[in-house]
Amino acid sequence: MDVNVKMKDNLEIRAFYLFFIITSIQTGTGIMGAPKYIFIEAGRDSWLAVLIAFVYMLLVVLAMHISLKQYENADIFGIQIDIFGGWIGKLLGSLFIIHLAASLFSVLSTYIEVIQTFIFPTFPTYTLALIFLCLIVYSVLGGIRVIVGVIFIFFILVQFLMVLLIVPALRIDMTHLLPTFQTSFMDLLKGAKATSYSFLGFEILFLLYPFIQNKKNVKLPIFLGVTWTAFTLLLVTVIAIGYYSPKQLVTLDWSVLELFKVVSFSFIERFDYVVVAVWMMVILPNMILLMWGMTYGVKRLYKVSQKKTLYICSAVIFVLCNILKDSQSIIKFTSSLSQVSFWVVYVYPFLLLLLVLIKKKWRKNKGEI
């Protein structure tokens, strides 16, 4: 397998679209219940925990970018083959693909649970899973440029949800956020770690980098995308803490969705139903990108066509959705994924960067000798 990817011109995308890609893949099911888990760890200073997580996330993204810049046009699979050799590189690449698959299953199963909780309690899981997987397969078959187009359009369409948060924001009790700076630093770090599942997804940069046409301009859209996601989580966390009482917040699994219950119009009594339905436009790009990443990774590592991998992975995920469909199983799976993904996404890039720089220096010294 070649370390650098030979990219066709018709598959390249502008760096500008990385903003929409990063925000879309990070804003998924995690943000719907994140305030509860951050508040449990960091209390009233949860906003500080989000800011700490944001700063750390910027450092991770910077480490990823520096690693990718050391190569002409490589992705994470090529870099790992170069650093660790064929066998270990392919093993690590396979683990990365499994991480993407687990993330996809977690997002899909969680959103199905949300639909069943808020709108259709008796709707069969297999029907919802089949509908979403058909949409995912159809989009991935269109290729990376079609996927980016879907992401761009859906991002624009769902921004009105942010405006609607003005209603609960006007009803917050500021005393719920006071006194500030009372949480210990260790608890703030635990609160920052609690955001890890909500911020997952930006590791897709490791796969998309070879597809970027103007690589010199990737920094700004990436950092703006991460900033937008962090701002969104910070906003909903502050509103949730201010709107709910502390005892109330720790009992709400979907605290962000519950905020929309206070929004009402003369022609719609339960606007949260609309929000859950519209949230599909937030979730779908997330799942499409993860599925594309899986199929692309298998093609890179094992030369298996993306179409074949797409159908097989969809069938496996469909079966898993019907096996692990109770709430407790989904929560346990998501919790386990969060723990493992923390090391894969938030720690491993620094180790990889160190090894990349060491190998680069070794090659330079060897050339001088």
Side-chain angles (χ1 to χ4, degrees), residues 1-2 5-8 10-13 21 24-25 28-29 75-78 80 90-113 115-116 123-154 200-201 203-204 206-208 210-211 280-325 329-330 333-334 337 341 344:
M1 188 185 83
D2 294 332
V5 182
K6 297 176 182 178
M7 192 58 56
K8 296 178 182 179
N10 65 333
L11 294 177
E12 292 183 335
I13 58 175
I21 291 169
S24 295
I25 198 168
T29 55
D75 53 21
I76 189 171
F77 304 114
Q80 290 179 151
K90 282 192 174 183
L91 174 62
L92 292 174
S94 300
L95 293 176
F96 191 82
I97 293 170
I98 293 171
H99 159 72
L100 296 176
S103 299
L104 172 57
F105 171 72
S106 175
V107 172
L108 178 57
S109 58
T110 302
Y111 186 56
I112 289 173
E113 184 192 358
I115 292 174
Q116 291 172 333
F123 209 88
T125 299
Y126 64 84
T127 305
L128 288 170
L130 184 61
I131 292 171
F132 287 119
L133 286 169
C134 286
L135 290 171
I136 293 167
V137 169
Y138 179 74
S139 300
V140 174
L141 287 174
I144 185 62
R145 299 186 77 166
V146 170
I147 293 171
V148 173
V150 171
I151 289 168
F152 177 76
I153 293 170
F154 280 6
L200 283 180
E203 65 273 16
I204 200 73
F206 268 140
L207 306 183
L208 284 173
F211 292 84
M280 184 188 70
M281 291 192 290
V282 178
I283 298 296
L284 197 57
N286 192 307
M287 296 189 291
I288 292 170
L289 273 171
L290 290 170
M291 181 66 85
W292 173 84
M294 292 162 52
T295 59
Y296 169 76
V298 173
K299 180 182 177 181
R300 275 281 283 156
L301 288 178
Y302 302 107
K303 307 299 181 183
V304 179
S305 70
Q306 285 187 261
K307 187 178 291 188
K308 187 182 293 185
T309 307
L310 177 62
Y311 294 140
I312 294 172
C313 289
S314 299
V316 171
I317 291 172
F318 176 75
V319 172
L320 287 175
C321 283
N322 288 281
I323 295 174
L324 299 174
K325 58 183 179 180
S329 298
I330 295 171
F333 181 84
T334 302
L337 174 64
S341 296
V344 174

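None of the values given here were measured: they were computed from a predicted structure.
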- Message: Taking atom OH as the centre, does Tyr126 end up with more than 12 heavy-atom neighbours from other residues, nucleotides or ligands that are less than 6.0 angstrom away?
- Response: no

- Query: Are the side chains of Ile112 and Ile330 in touch, meaning some heavy atoms are under 4.5 Å apart?
  - Reply: no

- Please answer whether the main-chain N or O of Ile21 pairs with a side-chain N or O of Ser24 as donor and acceptor at a distance below 3.5 Å. no

- Message: Please check this pair: side chain of Tyr111 against backbone of Met280, looking for a donor-acceptor N/O pair closer than 3.5 Å.
- Response: yes

- Message: When you measure from the side chain of Ser106 to the backbone of Ala102, do you find a donor-acceptor pair of N or O atoms at a distance under 3.5 Å?
- Response: no

- Message: Can a donor-acceptor pair be found, under 3.5 Å and without considering hydrogens, that links the side chain of Glu203 to the backbone of Gly201?
- Response: yes

- Item | Asp75 side, atom CG; Gln80 side, atom CD - distance, nearest 0.5 Å | 9.0 Å

- Query: For Tyr138, does the OH atom sit with more than 12 other heavy atoms under 6.0 Å from it, leaving out its own atoms?
  - Reply: no

- Query: Between Phe77 and Tyr296, how do the two ring planes meet: parallel, tilted or perpendicular, split at 30° and 60°?
  - Reply: tilted

- Query: So which heavy atom on Ser139 is nearest to which on Ile147, and how close?
  - Reply: O-CG1, 3.8 Å

- Measuring from Ile136:CD1 to Ile317:CD1, what's the distance to the nearest 0.5 Å? 7.0 Å

- Query: Under 4.5 Å between any side-chain heavy atoms of Ile151 and Ile288, yes or no?
  - Reply: no

- Atom pair CG/CG of Leu95 and Leu100 - distance to nearest 0.5 Å: 11.0 Å

